[in-house]
A.B. asks: 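Take a look at this one; I'll ask things after.
Just follow the structure's listing: the first ligand is 1, and inside any ligand the first atom is 1. All figures in this text were calculated on a predicted structure; none of them were measured in a lab. Counting begins at 1 with the first residue of the sequence.
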Amino acid sequence: MAQLVTVAQTGLVAVVTIANPPVNASTQAVRVQLLSTLRQLEQGSDIRAVVIRCAGRTFMAGADITEFDLPELPEPHPNEIHAYLDSMSKPVVAAMHGTTLGAGLELALSCHYRVADAGARFGLPEVKLGVIPGAGGTQRLPRLVGLLTAVQMISGGEMVPASQALESGLIDAVFEDDLAGSALQYALELAGTETGPRVLSHRTFSADEAQRIFAKQHLEQLPPPDRGGHARRHAVEATIQAGQLPFQEALEEERRRFLLCRDTDESKALRHAFFAERAAARIPNMPANASLRPIQSVGIIGAGTMGTGIAMSFANAGLPVILQDLSEETLTRAGGLIRSTYETAVKKQRMSAAEADRRIALIHTTNDDLQLAGCDLIIEAVFEDFDIKKAIFRRLGEIARPGAILASNTSSLDVNVLASCSGRAADVLGMHFFSPAHIMRLLEVVRCDTTAPDVLATIMQLAKRINKVAAVSGVCFGFIGNRMLEGYLRETEFLLMEGATPSFIDQALEGWGMAMGPCRMIDMAGVDVAAKVVLEQRKAGRLPDDDSYRIVVQRLYERGRFGQKAGHGYYRYEGRQPVEDESALEIFREQGEQYGVRQRRDITAQEVVERCLYPLIAEGYRILEEGIAYRAGDIDVVWLHGYGFPSYRGGPMFYARSVGEHTIAAAMERFASARGNRYGYWDIPESLAKALIA
Ligand code: 3HC
């Protein structure tokens, strides 16, 4: 067995180091070695205190999630280690750096003292994997920080920084530098006194009335169990039990709930999402040691909302940006937007004023494109006009330094053509950000037929640096996300013409779990933007050449109903509040009559969900068949991070497998025979059709 736990002794203190890269997850081997090490140290007569630390980039970041698929956690269970710590006569100090998460924090809570460096962060993120802390977290944390803070941390799953952890009592000391040396000193001092272990499980705990009321209210506000609230409800209920049951009984109850959660669809979906996100960063057949191009400076062409958001994404990661636009007015507006965004962050105490100033100073605006010449990466982010974009790529081919990476933020145009315009096609790819670009985490990286492997690898690594979740798409209409969106929106329009109202459709899909229904979504993104995409793509032969295709969005556009910004679109707006609008309903009816669509009163929420989602899923299968996406999980990542697909359903491809491919294919067959199969709308992709035969 590899040596994962080692001990070094200084005076009366033993320093235990866990080294299980990359994140020191609590695997069976780690647990076996840690427990036996602690037993030996407890026996050692020349040891008066113990420090537990981790090597590498972080203290233990949790249980090994891959062990969740086993019927039972291989022994010893973390609770056995924690119980042993509770019984030890020598004080044990956890010395933490990086991210102390899940079972890592539960280990630290079982130690008797906790110290950390200033950059450390702490959390119990189990609910994000659809489970609850399963090794005493729900019982020890409230005993240390109170019910209110514990409920917030356990139910939200977010990390808290060292400063906040110190304030709440979660940790005892923060050291600015030299954690190892300072923790050793801390333990040496403990060893020299009579101060023994402080054992959380020995504390009795009862929350005061106000905290109990808070916890109860918090519980009431959580989503229902079948809408992503299953684990969170169990997590809060288990935490409340810290004040109701004896420690050991509550610990067993926590374990029971953990196992219950682990086997739910919610947890399976969330675990799939966790690993899919990380797998999406990997490019098949790319050698691990492939050399990457250094990116130290970024140029952006186009200072509209998109370009400005992209600029802030890079500034947030500490990268200098040159934001170029021909219009002084646009540049001034961009400067204002950047300032106000950071000022708001300062007001909301999300960053210090000094940090905001530093980021603002990283973005330099100019109308001179020659200033971009020295940048390592130049991203074109002007509006969707193919001729203008082509001209920009010709120009970039002339001015950019040799080896610079050239990217387009287009959401729908052919990046292969832009690559060839540049005259250096190997250096070009698509970087499709989602609006607002400094907030939305998805980045669709579009691989052209000619993109050099090191260019692709560099951008995937850069994505991580700017805190984006990236997935690679080949070049096709709409790439992965918008291509799949098309069938979803097309059925939305048919449903409207059949008599379903925007609010009925939106509520059906939001009730199912989508963050925002399709009508509200287009109203927000702009009916004009959506209509122009349809017109352009029809012209380019990528959508049916038929005037009636997506006629609803075109009619709304012609009548100036551009969506929320215009005060009306699919809805009428009272402030930001969408209200059903009779004149919009009239347009849908008119179009229905004109194109002979039968009005119906029997449309159910389930029909809305199936008719909108199944074409979307079917397109996902085609995308895989064509090799546009490397893996099904990449498609899920796109929908989870860019389109508000509910994470507890794992993404469209995961959902298809959990509902059953056969069910989906059979429903598509049914819709085709009931509704006709114009333009092959209900064609079942080959890989999905197999489910009908199987
Ligand atoms: N188990 C297994 N593998 C894990 C893991 C875990 N808990 N955490 C990370 N990994 C793996 C990742 O899959 C990835 O593998 P790969 O290189 O093969 O793709 C590798 O470690 C590095 O992870 P990241 O790419 O995510 O590295 P980052 O530095 O960006 O992030 C992190 C580090 C913040 C620790 C992040 O990995 C993370 O959030 N991990 C999950 C933490 C977590 O959820 N912990 C709780 C687990 S549940 C639990 O503890 C139950 C307990 O209560 C009993």
Side-chain angles (χ1 to χ4, degrees), residues 18 20-31 54 56-70 72-82 96-110 119-141 150 153-154 156-161 231 234-235 238-239 251 254-262 267-268 270-284 286 288 317 441 460-471 631 633-634 637 647:
I18 301 168
N20 184 27
V23 298
N24 292 307
S26 165
T27 54
Q28 182 188 27
V30 166
R31 294 193 297 274
C54 288
R57 66 199 213 214
T58 183
F59 193 80
M60 185 183 284
D64 177 359
I65 304 167
T66 57
E67 285 185 351
F68 286 14
D69 295 327
L70 305 171
E72 254 303 328
L73 199 66
E75 287 187 348
H77 189 277
N79 277 341
E80 205 178 316
I81 301 173
H82 302 167
M96 296 168 281
H97 70 292
T99 45
T100 299
L101 300 173
L105 185 55
E106 291 173 306
L107 171 67
L109 288 166
S110 309
R121 290 181 296 161
F122 312 86
L124 290 172
E126 283 86 345
V127 291
K128 295 190 174 187
L129 298 167
V131 292
I132 71 166
T138 64
Q139 302 308 304
R140 289 189 177 87
L141 188 63
M153 276 183 76
I154 293 173
E158 299 301 332
M159 290 188 237
V160 297
H234 276 289
T239 311
L251 203 61
E254 178 197 76
R255 185 80 198 130
R256 183 190 69 77
R257 290 177 189 268
F258 174 87
L259 289 173
L260 196 73
C261 290
R262 188 198 64 172
S267 178
K268 287 175 191 154
L270 289 166
R271 274 142 55 194
H272 159 76
F274 177 85
F275 287 114
E277 201 179 292
R278 280 147 186 90
R282 286 194 278 272
I283 303 163
M286 179 72 66
R441 289 201 66 209
M460 294 307 279
Q461 201 220 36
L462 181 68
K464 185 148 193 187
R465 222 166 127 197
I466 61 172
N467 197 26
K468 299 287 177 208
V469 180
R631 351 170 156 77
D634 294 9
V637 165
S647 53

A.B. asks: Any N or O of F274 that comes nearer than 3.5 Å to an N or O of ligand 1?
C.D. replies: no
A.B. asks: Kindly confirm or rule out a cation-pi arrangement of R278 over F274, judged by NZ or CZ under 6.0 Å from the six-membered ring centre and within 45° of its axis?
C.D. replies: yes
A.B. asks: Looking at L259 and E72, what are the two nearest heavy atoms and their distance?
C.D. replies: CD1-OE2, 3.9 Å
A.B. asks: Looking only at distances, please establish whether an N/O atom of ligand 1 is found under 3.5 Å from an N/O atom of I65.
C.D. replies: yes
A.B. asks: Going from CG on L124 to CD on E106, what distance comes out if it is rounded to the nearest 0.5 angstrom?
C.D. replies: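 The CD atom of E106 is 6.0 Å from CG of L124, to the nearest 0.5 Å.
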A.B. asks: Rounded to the nearest 0.5 Å, what separates atom CD1 in I132 from atom OG in S267?
C.D. replies: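 Here the rounded value is 11.5 Å.
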A.B. asks: May I ask you to identify the nearest protein heavy atom to atom 26 (O) of ligand 1, giving residue, atom name and distance to one decimal place in Å?
C.D. replies: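 Closest protein heavy atom to atom 26 (O) of ligand 1: R278 NE, 2.6 Å.
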A.B. asks: Does atom 11 (C) of ligand 1 have any protein heavy atom closer than 4.0 Å?
C.D. replies: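 It does not; no protein heavy atom is within 4.0 Å.
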A.B. asks: With a 4.0 Å cut-off on heavy atoms, does R282 reach ligand 1?
C.D. replies: yes
A.B. asks: I need the contact type for P125 against ligand 1. Using non-hydrogen atoms and a strict under-4.0 Å cut-off, is it side chain, backbone, both or neither?
C.D. replies: side chain
A.B. asks: Counting heavy atoms only, which of T99, V23, T66, T27 is nearest atom 34 (C) of ligand 1?
C.D. replies: T99
A.B. asks: Can you see which heavy atom on M96 is nearest to which on A108, and at what distance?
C.D. replies: SD-CB, 3.6 Å
A.B. asks: Is a donor on one side and an acceptor on the other found under 3.5 Å between the side chain of R255 and the backbone of N79?
C.D. replies: no
A.B. asks: Is the contact between F68 and ligand 1 made by the side chain, the backbone, both, or neither, using heavy atoms and a 4.0 Å cut-off?
C.D. replies: side chain
A.B. asks: Going by the closest heavy atom to atom 45 (N) of ligand 1, which one wins out of A281, A61, P133, A279?
C.D. replies: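 Heavy atom nearest to atom 45 (N) of ligand 1 belongs to A61.
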A.B. asks: Quick check for you: to the nearest 0.5 Å, what is the distance between R31 atom CZ and L73 atom CG?
C.D. replies: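 So the gap between those two atoms works out to 4.0 Å.
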A.B. asks: Taking 4.0 Å as the limit for heavy-atom contacts, which would you say applies to E106 with ligand 1: side chain only, backbone only, both, or neither?
C.D. replies: side chain
A.B. asks: Among protein heavy atoms, which lies nearest atom 20 (C) of ligand 1, and at what distance?
C.D. replies: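 Going atom by atom, the protein heavy atom closest to atom 20 (C) of ligand 1 ends up being P22 CG, 3.5 Å.
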A.B. asks: Any nitrogen or oxygen of G134 lying under 3.5 Å from a nitrogen or oxygen in ligand 1? Just yes or no.
C.D. replies: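 So ligand 1 has an N or O lying under 3.5 Å from an N or O of G134.
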A.B. asks: Give the residue, atom name and distance (to 0.1 Å) of the protein heavy atom nearest atom 30 (O) of ligand 1.
C.D. replies: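 For atom 30 (O) of ligand 1, the nearest protein heavy atom is K464 NZ, 2.9 Å.
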A.B. asks: Would a 4.0 Å cut-off, counted as strictly less than, catch a protein heavy atom around atom 50 (O) of ligand 1?
C.D. replies: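 Looking at atom 50 (O) of ligand 1, one finds that a protein heavy atom does lie closer than 4.0 Å.
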A.B. asks: Would you name the heavy atoms of F122 and M153 that are closest together and state the gap between them?
C.D. replies: O-CE, 4.0 Å
A.B. asks: Assess G137 for proximity to ligand 1: is some non-hydrogen atom of it under 4.0 Å away?
C.D. replies: no
A.B. asks: Check each heavy atom of D64 against ligand 1 and say whether those closer than 4.0 Å belong to the side chain, the backbone, both or neither.
C.D. replies: both
A.B. asks: Can you find an N/O atom of L101 closer than 3.5 Å to an N/O atom of ligand 1?
C.D. replies: no
A.B. asks: Please state which part of A63 comes within less than 4.0 Å of ligand 1, counting heavy atoms only: side chain, backbone, both or neither.
C.D. replies: both
A.B. asks: Applying a heavy-atom cut-off of 4.0 Å, say which part of L129 lies close to ligand 1: side chain, backbone, both or neither.
C.D. replies: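 Near ligand 1, L129 shows its side chain, while the N, CA, C and O stay back.
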A.B. asks: How long is the gap from CE on M159 to CZ on R121, to the nearest 0.5 Å?
C.D. replies: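 Taking CE in M159 and CZ in R121, the distance rounds to 4.0 Å.
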A.B. asks: Out of curiosity, L129 CG to R262 CZ, how far, rounded to the nearest 0.5 Å?
C.D. replies: 13.0 Å
A.B. asks: Let me confirm one number: the CG-CG distance from D69 to D64, rounded to the nearest 0.5 Å.
C.D. replies: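 Spacing of CG (D69) from CG (D64) equals 10.0 Å.
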A.B. asks: Could you check atom 22 (C) of ligand 1 against the protein and tell me its nearest heavy-atom contact, residue, atom and distance included?
C.D. replies: R57 NH2, 3.4 Å
